[in-house]
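Beneath this line is the structure, given in structure tokens, with notes to follow.
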Amino acid sequence: MFNIDFSGEFVAFFVFSVMIISGAVLMVSFTKVVHMVVSLAAVFIGVAGMFILLNAEFLAFVQVLIYAGAVSILMIFGIMMTKHQEAETEQPRTMQETLTAIGALALFGILFYAIRQSDFPEPQAVPDGTADNTMAIGQALFTSYVVPFELVSVLLTVAFIGAIVLAKKEAD
């Protein structure tokens with residue numbers, strides 16, 4: 001049923017997958033915000049590893065530089081600038097957690113079955129081993145997608161200013 005070739009790529013994929021899934025689970029499980037940010041950074045680094053496995057080195061570099069570095073640091077600064085107090089712990093809801101776990105396992109089973117039954121097309125070979133995907137991304141970004149690129153930059157600037165305003169109100 002499972003024809004798995006245990007290569008270095010498979011091991012790296014498995015390690016990055018475990019890193020992403022465990023980081024995501026820890027992100028929603030921790031109660032301290034700093035621990036959540038560290039877990040989220042682990043997820044970002046795992047995703048960067050996946051990009052490397054997909055031969056998208058530029059995206060991996062951007063993932064580490066922007067998300068794992070800048071966003072995580074920005075979140076930590078945001079936490080430090082605001083008066084963060086630990087939320088009171090709620091009583092555990094065992095029935096709700098049990099139903100959630102059953103639903104998650106059922107969804108996993110359905111998705112696993114659907115993926116196993118699907119016929120995926122063979123990946124197309126890269127015509128040249130020296131293809132520069134960074135150049136292609138840059139050309140597409142600044143020719144075909146320049147308006148969405150600028151809109152995203154405006155959106156990020158507005159979000160940053162909003163975060164500063166919220167932090168300023170907390171300080172007053």
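Just so it is clear, the structure is predicted and the values come from calculations on it, not from any experiment.
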Under a 4.5 Å side-chain heavy-atom rule over Ile, Leu, Val, Met, Phe, Trp and Tyr, are Met27 and Tyr67 clustered together?
-> yes
same_hphob_cluster(Phe13, Phe51) at 4.5 Å side-chain heavy-atom cutoff | yes
CG/Leu59 to CD1/Ile66 distance, rounded to the nearest 0.5 angstrom?
-> 10.0 Å
Would you say Phe10 has more than 12 foreign heavy atoms packed within less than 6.0 Å of its CZ?
-> yes
Given the options Val11, Ile21, Leu53, Phe16 meets side-chain contact (heavy atoms from CB on, under 4.5 Å) only with Leu53
The reported gap from CZ in Phe58 to CG in Leu65 (rounded to nearest 0.5 angstrom) is 9.5 Å
Sequence neighbours excluded, the answer for side-chain contact (heavy atoms from CB on, under 4.5 Å) partners of Met135 is Asp132, Gln139
Quick one: pull up CD1 in Ile110 and CG in Leu105 and give me the separation to the nearest 0.5 Å.
-> 11.0 Å
Do the side chains of Glu57 and Asn55 get nearer than 4.5 Å, heavy atoms only?
-> yes
Are any of the side-chain heavy atoms of Val146 and Leu141 separated by less than 4.5 Å?
-> no
Value rounded to 0.5 Å, distance of CE in Met36 from OG in Ser29 | 8.5 Å
ILVMFWY cluster, Val47 and Val38 together (side-chain gap under 4.5 Å) = no
If every non-hydrogen atom of Ser39 is compared with every non-hydrogen atom of Gly23, which pair is closest and at what distance?
-> CB-O, 3.5 Å
So, do Ile45 and Met19 sit near enough that their side-chain heavy atoms are less than 4.5 Å apart?
-> yes
How about Phe149 and Phe142: are their ring centres within less than 6.0 Å of each other?
-> yes
Which pair of non-hydrogen atoms, one from Thr94 and one from Thr98, has the smallest distance, and what is that distance?
-> O-OG1, 2.6 Å
Within one Ile-Leu-Val-Met-Phe-Trp-Tyr cluster: Val64 and Ile52, side-chain cutoff 4.5 Å | no
Please check if Val15 and Ile20 belong to a single hydrophobic cluster, counting links between Ile, Leu, Val, Met, Phe, Trp and Tyr side chain heavy atoms closer than 4.5 Å.
-> no
CD/Glu97 to CD1/Ile102 distance, rounded to the nearest 0.5 angstrom?
-> 12.0 Å
